[in-house]
Amino acid sequence: MELLEFARGPALTFAITIFIAGIVFRIVSLFALWRTKDSSAGSPREKSAFSAALREVIRRLWPQAVYKQDTMFELVNGYVFHIGLAIIVFALAPHILFFKDLIGLSWPSLPNNVIYAVSIITMVSLIAALVMRYANPAQRIISTFDDWFSWLVTFLPVLTGIIATSHLGARYETLLGLHILSVALLLIWLPFGKLMHFFLVFVTRSQTGAHLSHRGAQL
Amino acid sequence: MNANTQTVSDAQAAANKFLALNSGNLAAYLEACIHCGQCANACHFYEVTGDPKYTPAYKLFPMAKAHRKTKWPWSWFGGPSVTEEDLQHWEELIFDSCTMCGRCTQVCPMGIDIASIVAASRQAFAAAGRGPEDLREAAENVLTKGSPLGVTPAVFDGRVEWLEDDYEVDLPLDREKAEVLLTVSSIEMMKYPKSIVAMARLMNQARVDWTFSTEGYESTNFGFLSGKPHIAKHAIEKIVGAAEKIGAKTVVIPECGHAYGVLRWSGANILGRPLPFQVLHITEFLAQLKKEGKLKFNKVEGSLTYHDPCQISRRGGATEAARYLLEDCTDFREMTPTGNFNWCCGGGGGVQAMSRAADLRHKVFQIKMKQVEDTGADMLISACANCRLTMDDSKAYWKWDHELESLVELLAENLVEDHPHPFDAKPHLATNV
C-alpha cells in the first residue's frame with residue numbers, strides 16, 4: 001500500500017475514531033464524577049448560573065488591565081497561533097474539500113499564498129511559545145511530557161503542510177502522506193492530553209464564573 | 001520496615017483524601033491546566049522571590065497526580081502514585097506559600113480556581129499528618145479550648161468584663177434573645193481588644209439588638225485553614241448552636257477575612273445544611289446601618305488608603321462596603337492595584353500563624369509597603385485583624401513608620417454619638433471630638 005493511500009485510508013479512519021470516541025469518553029467520564037453542591041445563601045448580586053458562566057467565558061478572552069502588561073506576550077502569541085491554526089485548518093482549499101467529503105459542507109477558501117503566509121507566522125509563533133516554555137522558569141517548572149508532546153503534534157502538521165505545498169525534498173504524494181499522518185497523530189493524541197482544553201476551557205471558565213457570581217464577587 | 005510501611009501509608013492516606021475530595025468541579029480544574037504559567041505573575045510569593053516553585057499551577061501537581069492515577073485515560077497507562085517525597089516537597093508550597101488569596105484565579109486564562117485546589121490539598125496533606133506544627137496546634141486548640149489562641153469561654157467572659165470596665169462600654173454577653181450575634185477573632189481579643197470595643201460602640205450607637213455568646217464567639221476557623229474538616233465543622237457548629245439558641249437572624253463576622261469566607265461561603269457546605277441566619281462581615285453590617293441612617297460619622301482628616309482583605313473583597317464580594325464607610329474621609333487614596341485586584345498582605349490562609357513562614361511573609365510585605373508609599377497616604381487601614389497582625393509584624397521587621405489602623409476603630413473614633421465617650425480617640429484624625 002502506498003504511504004498516501006495508507007494515510008488517507010486506515011490511518012485517518014483510525015485517528016478520527018479515536019479522536020471522537022476519546023473526546024466523548026473523556027467528557028462523559030468527567031461529568032460522571034460527583035459535583036459539589038453549594039448550600040450557602042447567594043449574594044444579592046448573584047446572576048443566574050448560565051449568564052454568569054457565559055459572562056466569564058467571554059470576559060476571559062482578554063486579561064484584566066492589572067495583569068495585561070505581565071501577560072502580554074503569552075496573550076498576543078497565544079492568539080496568533082490559535083487564529084493561525086484555525087485559518088489554516090478551515091480556510092485552505094484542499095482542507096475544505098476534505099471537510100466536504102467528510103461532512104458534506106463547504107465554504108469559501110482563502111488564496112493559497114495567504115495560507116502559506118499564515119502558516120509561516122503560525123510556525124514562528126509556535127516556536128516562540130516553545131522557546132518561552134523553555135526559557136521562562138515559571139513555565140518550565142510546570143512543563144511535563146504532555147506539554148512538549150502536545151506542542152510537537154500541533155507543530156508537525158503545520159510543518160509538513162508547508163513542506164508538502166512547497167514540494168520540498170520528496171514526491172508530493174509522500175509529503176502529503178506524511179502530512180496526513182501527522183494530522184492523524186494529532187487527532188489520536190488530542191483526547192489524552194492538554195489539547196482537551198479546547199473543550200475544558202468552557203467548563204472551567206463557567207464554573208468559576210458561577211462560583212464567583214454566587215459570592216457577588218464577579219470580577 | 002515499620003518506618004517504610006508508615007511512609008507508604010501516609011502517601012496513600014493523602015492520595016485517598018485527594019480522591020475523596022475530587023469532585024467533577026475540581027477534576028475539571030486539574031485537567032484543564034495548560035501549564036502556561038501566567039498565574040506566576042499574580043502570585044505575591046513568586047513576585048517577591050522570582051522562585052519558580054511558587055508558580056501557583058505547580059501547587060496543583062500532587063492532587064493532579066492522584067487524580068491521574070485513577071481517572072481515565074491516564075489510569076490505563078498506570079502512572080506514578082503520590083509519594084512521601086511529593087508530600088515533603090509540596091508541604092511548604094501548599095501551606096507556607098499559599099494564602100489562598102485567589103489572584104491566580106483572576107489571571108488564569110482557563111479560569112481555574114487554584115485556591116480551591118489548595119484548600120482541598122491541605123486536607124489531603126493533613127490526612128497524611130502534614131502541615132506546620134503551629135497551624136496544627138492552633139486548630140487543636142479550637143477543639144480543646146474553643147479558640148486557636150486559647151481564649152476559653154472563661155477567658156472570653158473575663159476579657160469582656162475587663163473591656164467593659166476599662167472602656168466603659170456596654171458589651172452584652174449571653175443575652176437570652178437577640179437579633180444579632182456578634183463574633184470575634186481571638187487575634188482581636190488578645191492583641192487588638194480596642195477593635196472589639198469599637199464594634200460594640202458602633203452597634204450600641206445604632207441601637208442594634210445584639211449579644212456576644214460564650215457558647216459561640218470564635219469566628220476564625222483554623223480547622224479549615226489547617227485542612228482538618230472535623231475541626232472546621234466543630235467551630236461552625238458552635239456559632240450555629242449559639243445563634244439558634246438566641247434566635248439570631250444575623251451573625252456578624254468581625255474584622256477577619258478567612259472567618260468571613262469560611263462561615264459565609266463554606267459554612268453551610270461544611271455543616272451539611274443551609275445556615276439558619278444571614279452572615280455579614282462587619283463592614284457589610286456597618287454599611288447597612290449607615291445606609292439606614294443609624295450611624296453618622298465625622299469627617300475623617302488625614303490621608304489614608306485601604307488594604308483589601310482578599311477574602312472580603314476579591315473572594316467575598318464585599319469590596320464596596322469599606323469604600324462606602326470611608327466616604328467621609330477627606331483624603332482617601334486607592335492603592336494600585338486595588339479592590340478585587342489588591343495584593344495580599346502575605347499572611348492569609350493561616351500563613352500568619354506559621355512561624356517558619358515569617359521571612360517569606362516579610363518579603364511579601366514589601367509589595368504592600370510600596371503600594372502604600374506610592375499613594376503618599378499617611379495611614380493604612382484594613383478590615384481584617386489577621387492582615388493587621390501580619391502587617392504589624394512585617395512593619396516592625398522592616399521598621400516601617402506608616403500608621404496602620406483598623407477600619408472599625410477608625411469609624412468608632414469618628415462616630416457621632418449621642419453621649420460623649422471615654423474611648424481614646426485620636427484627636428488628629430477626628431475634627432469633632
Side-chain angles (χ1 to χ4, degrees), chain A residues 22 25-26 29-41 43 45 56-57 60-61 63-67 69-71 74-75 78 132-133 136-144 146-147 150 191-192 194-197 200-201 203-209 211-212 214-219, chain B residues 22-29 31-42 46 50-55 57-58 60-61 71-74 103 105-113 116 264-269 271-275 278-279 313-319 336-337 340-341:
Chain A
F25 199 13
R26 182 139 173 210
S29 66
L30 178 64
F31 283 98
L33 286 168
W34 62 281
R35 300 196 63 86
T36 46
K37 186 177 161 286
D38 196 343
S39 316
S40 64
S43 154
R45 287 199 300 277
E56 199 70 10
V57 167
R60 281 187 200 253
L61 289 170
Q64 301 279 358
V66 182
Y67 303 115
Q69 200 186 335
D70 286 336
T71 58
E74 284 84 357
L75 174 77
M132 198 63 175
R133 177 164 294 287
N136 178 341
Q139 269 192 54
R140 194 167 164 187
I141 197 172
I142 52 175
S143 294
T144 61
D146 186 5
D147 299 298
S150 294
F192 296 93
K194 67 184 277 192
L195 297 177
M196 266 303 284
H197 76 267
L200 292 170
V201 65
V203 180
T204 48
R205 283 184 185 178
S206 297
Q207 272 179 202
T208 298
H211 179 65
L212 291 176
H214 178 73
R215 296 178 171 206
Q218 218 156 24
L219 306 175
Chain B
N22 192 24
S23 63
N25 312 54
L26 295 192
Y29 288 146
E31 293 189 13
C33 182
I34 51 170
H35 296 166
C36 68
Q38 293 190 30
C39 44
N41 297 310
Y46 182 82
D51 189 333
K53 72 177 176 181
Y54 296 125
T55 304
Y58 191 52
L60 307 179
F61 274 41
K71 163 82 166 45
W72 184 91
W74 305 280
R103 279 190 110 233
T105 302
Q106 282 183 318
V107 77
C108 176
M110 300 294 293
I112 296 169
D113 189 26
S116 59
R264 177 70 182 88
W265 304 115
S266 303
N269 303 323
L271 193 67
R273 65 180 163 100
L275 299 178
Q278 68 165 341
V279 179
S313 291
R314 176 165 41 252
R315 295 183 73 80
T319 318
T336 312
N340 295 339
F341 301 98

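The model shown is predicted, which means the values in this text are computed figures rather than measured ones. The chains referred to below are lettered A, B, ... by the order of the sequence lines, with proteins before strands, and numbering in each begins at 1.
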Who among [options] has the most heavy-atom pairs with chain A under 4.5 Å?
{"options": "B:Ala57, B:Pro52, B:Gly267", "answer": "B:Pro52"}
{"options": "B:Arg315, B:Lys53, B:Gln278", "answer": "B:Arg315"}
{"options": "B:Pro109, B:Ala27, B:Ala42", "answer": "B:Pro109"}
{"options": "B:Gly37, B:Ala40, B:Ala28", "answer": "B:Ala28"}

Measure distances from B:Pro337 to the heavy atoms of chain A and classify the residue's part below 4.5 Å as side chain, backbone, both or neither.
-> side chain
Can you find a heavy atom in the side chain of [X] that is under 4.5 Å from one in the side chain of [Y]?
{"X": "B:Asn22", "Y": "A:Trp34", "answer": "no"}
{"X": "A:Arg133", "Y": "B:His35", "answer": "yes"}
{"X": "B:Trp265", "Y": "A:Ser43", "answer": "yes"}
{"X": "B:Phe61", "Y": "A:Ile142", "answer": "yes"}
{"X": "B:Val107", "Y": "A:Gln64", "answer": "no"}
{"X": "A:Asp38", "Y": "B:Asn269", "answer": "yes"}
{"X": "B:Ile112", "Y": "A:Thr208", "answer": "no"}

Using only atom types and a distance under 3.5 Å, with no angle test, would you say the side chain of [X] pairs donor to acceptor with the backbone of [Y]?
{"X": "A:Gln139", "Y": "B:Cys36", "result": "yes"}
{"X": "A:Ser39", "Y": "B:Arg273", "result": "no"}
{"X": "B:Arg264", "Y": "A:Ser40", "result": "no"}

Among A:Leu61, A:Thr144, A:Val203, A:Asp146, who wins on heavy-atom pairs under 4.5 Å with chain B?
-> A:Thr144
When only pairs under 4.5 Å are counted, which of A:Leu200, A:Thr204, A:Leu33 shares the most heavy-atom pairs with chain B?
-> A:Thr204
Steps toward side-chain hydrogen bond (donor to acceptor under 3.5 Å, both in side chains) verdict (B:Asn25, A:Thr36) | CA-CA 7 Å; B:Asn25 312 54; A:Thr36 46; 3.1 Å; yes
Could you tell me which portion of [X] (side chain, backbone, both or neither) has an atom closer than 4.5 angstrom to a non-hydrogen atom of chain B?
{"X": "A:Asp70", "result": "both"}
{"X": "A:His214", "result": "both"}
{"X": "A:Phe31", "result": "neither"}
{"X": "A:Val66", "result": "side chain"}
{"X": "A:Asn136", "result": "side chain"}

Check ion pair A:Lys194-B:Glu31 (N to O, under 4.0 angstrom) | no
Who pairs with A:Ser206 by side chain to side chain contact (heavy atoms under 4.5 Å, CB included), at least two apart in sequence or on another chain?
-> A:Ala53, A:Val57
Residues in side chain to side chain contact (heavy atoms under 4.5 Å, CB included) contact with A:Ser29, at least two apart in sequence or another chain = B:Lys71, B:Trp72
What distance separates B:Thr55 OG1 from A:Arg140 CZ, expressed to the nearest 0.5 Å?
-> 13.0 Å
Closest non-hydrogen contact found for A:Arg35 with B:Gly24 is NH1-C, 3.5 Å
So which heavy atom on A:Asp147 is nearest to which on B:Ile34, and how close?
-> OD1-O, 3.6 Å
